[in-house]
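Only one structure is covered here, and it is reproduced in the block below.
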Protein chains: 2
Amino acid sequence: MDSPADTTPLAALLAKVPQPEPGRRKGALHGSTVAQLRNLIVTGALAPGAKLNERELCLQLGVSRTPVREAIKTLTQDGLLRALPNKSSVVAELDVGEIEALIDVVSTIEGLAGELAAARATDEAVAEIGMLHYRMMLHHTRDELPGYFEANKAFHRRIVELSGNPVLLWIWELLALRVDRARYSSNLWPKRWKMAIQEHEQILAALSAGDAALASQRLREHVRNGLSGLVAALKDRIAKPDGA
Amino acid sequence: MDSPADTTPLAALLAKVPQPEPGRRKGALHGSTVAQLRNLIVTGALAPGAKLNERELCLQLGVSRTPVREAIKTLTQDGLLRALPNKSSVVAELDVGEIEALIDVVSTIEGLAGELAAARATDEAVAEIGMLHYRMMLHHTRDELPGYFEANKAFHRRIVELSGNPVLLWIWELLALRVDRARYSSNLWPKRWKMAIQEHEQILAALSAGDAALASQRLREHVRNGLSGLVAALKDRIAKPDGA
DNA sequence: CGAAAAATTCTTGCATACAAGAATTTCGGC
DNA sequence: GCCGAAATTCTTGTATGCAAGAATTTTTCG
């Protein structure tokens, strides 16, 4: 009943998480605990439906229950966990219906970002976003899926930042968490990556031209296409769980 | 140094907050603490920039620091508070620029809600939303500003619910917190209430007809008009602080 | 042997104790 | 009398203790 190996697979996952040094500064525990736990959830290391035992998390993260509980509360608010009264929180299910709901919202939000960004796009900003696009292509040629995801996300994020609207960025960040989770869950190369690259270039062109309506429309469609493909991949994955 | 009257005006504000009975159920403190504190911030009872002393909040709310700290974390994530490392959290400033940023986001979000809701609008749902509209008018005739605000919010909320998109509702709730704060801050009857009523009726008509494009456009414009008026009122208020 | 009930164990929710950093006050020097 | 530095006080960040509710195991009865 005390053997560490079989109490739960969670132990193994957490064992390799780098722990903050004892000689740390005060006030850094909450943030780092949230980041570690969030990463485990978004990457799928903690599977949907998994129960979170606070005591166990404390042991593995090397912190007390206070920061762990705070992190759980934070991630619950972000929609990554579900809280049950007087019971263990569980990792939120990755509901395909919810991801379909995400499509409408994210595409609309990014469409707005594109509209606003086009009006503010300097040559420098467009060049910077273009660089992120090429970084994404580079990762693709190298077969580096995580780097590809990251650069793709940075491309979109930078456009939202360029919109100059802090509320929009805030909302986008919240939505991006869920999108990331879905992406990691599929863990496949998007089948439409070639088309995605074309769409990125067309978005860049619209931004560069300062054409708000066009940038908005192209971003909306690009996001919709991408997420629709993701949903299709997830449905496939559900149909045949072990990627044949 | 111990006289309760002058340590801070916060004490007076909190003194009248109904406290949960000692014979309560376990697990209700976090939620109620968040609700109480949020209400104080949204209504403006806690002014923007005010520092939150945890110990004092504990005394006044009759709970320990744990739920208070959790509530502070929650409201910080909602953007109502700002956290400073190793220092007291403060009530977020009510920045007019941020409210202007809200206009674009909220109008877009509600526009999407209208688009989706129109496709799902049954006669029953439209009637229900119409009822909320009439309730709002009733509060107007009675000069009941809080009731007016509440019914207006319920009208909009119900449309978002009707969209059937849970992600959209989630985002809308987050945005509505900030909108409410701005509304309470102005604490004026909207000058354009007569126009707002007309717009509501036109929105209802579009929903009833199932015209997604029209419902979307009308909601977008209605929200934009309303929030623009709000911003104008706030700018006025800043120019001449004591409403002459 | 199976099932239901009681007792035990475990887990969360809240309160509190302790430590590190910030703010304030006081004391010394000029 | 004023400025600066040291000491004190105060406040937040983290850990732990205690109680209520849930889960599990054991025991007892049919």
Side-chain angles (χ1 to χ4, degrees), chain A residues 1-4 6-8 10-11 14 19-37 46 49-77 81-91, chain B residues 1-4 6-8 10-11 14 19-37 46 49-77 81-91:
Chain A
M1 162 196 198
D2 207 15
S3 71
D6 71 334
T7 45
T8 166
L10 186 58
L14 290 168
Q19 291 171 214
E21 292 309 291
R24 61 184 153 65
R25 216 172 76 261
K26 188 188 176 187
L29 270 189
H30 173 236
S32 73
T33 304
V34 169
Q36 289 180 46
L37 203 52
L46 275 169
K51 287 203 289 191
L52 270 65
N53 183 309
E54 293 180 5
R55 188 180 53 82
E56 190 179 347
L57 286 171
C58 292
L59 289 173
Q60 301 301 334
L61 295 174
V63 298
S64 80
R65 283 181 60 208
T66 304
V68 168
R69 286 178 56 80
E70 286 178 352
I72 289 175
K73 280 259 174 1
T74 297
L75 297 173
T76 299
Q77 231 189 329
L81 297 175
R82 305 276 176 221
L84 312 169
N86 291 326
K87 285 196 283 189
S88 297
S89 296
V90 299
V91 178
Chain B
M1 164 198 196
D2 207 16
S3 71
D6 71 334
T7 46
T8 166
L10 185 58
L14 288 169
Q19 292 172 214
E21 293 308 292
R24 61 184 151 65
R25 216 172 75 259
K26 189 186 175 188
L29 269 190
H30 173 236
S32 73
T33 304
V34 169
Q36 289 180 46
L37 202 53
L46 275 169
K51 288 204 289 192
L52 270 65
N53 184 309
E54 293 180 4
R55 188 181 53 81
E56 190 179 347
L57 286 172
C58 292
L59 289 173
Q60 301 301 333
L61 295 175
V63 298
S64 80
R65 282 181 62 209
T66 304
V68 167
R69 284 178 57 80
E70 286 177 352
I72 289 175
K73 280 257 170 14
T74 297
L75 297 173
T76 299
Q77 233 190 326
L81 297 175
R82 305 277 176 220
L84 311 170
N86 290 326
K87 285 196 285 190
S88 296
S89 296
V90 299
V91 178

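Note that these values count all heavy atoms, side chains included, but never hydrogens, waters or copies made by symmetry.
In this structure, B:L52 atom CG and C:dA22 atom P are separated by 19 Å, rounded to whole Å. Whole-Å rounding puts the A:K51 NZ to C:dC10 P distance at 14 Å. Between B:L57 atom CG and D:dT11 atom P there is a gap of 12 Å when expressed in whole angstrom units. Nucleotide C:dT16 holds its P atom 14 Å from the CZ atom of B:R55, rounded to whole Å. In this structure, CD of A:E56 is placed 20 Å from P of C:dT9, rounded to the nearest angstrom. To the nearest angstrom, P of C:dC10 lies 13 Å from CG of A:L59. Atoms CG (A:L84) and C1' (D:dG21) sit 14 Å apart, rounded to a whole Å. Atom pair B:E70:CD and C:dC14:C1' shows a separation of 9 Å (rounding to whole Å applied).
Contacts of B:R65 with the nucleic acid, taken as non-hydrogen atoms under 4.0 Å apart, include base atoms.
Minimum atom distance to the side chain of A:S64 is reached by D:dT14, of the listed C:dT11, D:dT14, C:dC14. With D:dA15, D:dG13, C:dG13 as the choices, the nucleotide that has an atom nearest any side-chain atom of A:R69 turns out to be C:dG13. The A:K87 side chain lies nearest to D:dA22 when the options are D:dT11, D:dA22, C:dT11. For A:T66, taking side-chain heavy atoms from C-beta onward, the closest of the listed nucleotides C:dT12, D:dT16, D:dT12 is D:dT16. Closest to the A:E54 side chain, of the nucleotides D:dA15, C:dC14, C:dG13, is C:dG13. Considering only the side chain of A:N86, D:dA22 comes nearest among C:dA15, D:dA22, C:dA22.
Atom CD in B:Q60 sits 11.5 Å away from atom CD in B:Q36 (nearest 0.5 Å).
The minimum heavy-atom distance between B:T33 and B:A71, with the atom names listed, is CG2-CB, 3.7 Å. Smallest separation of non-hydrogen atoms from B:S89 and B:A83: OG-CA, 3.9 Å. Here the shortest heavy-atom pairing between A:L52 and A:A50 reads CD1-O, 3.6 Å. Nearest heavy-atom pair across A:L81 and A:V91 is CD2-CA, 3.7 Å.
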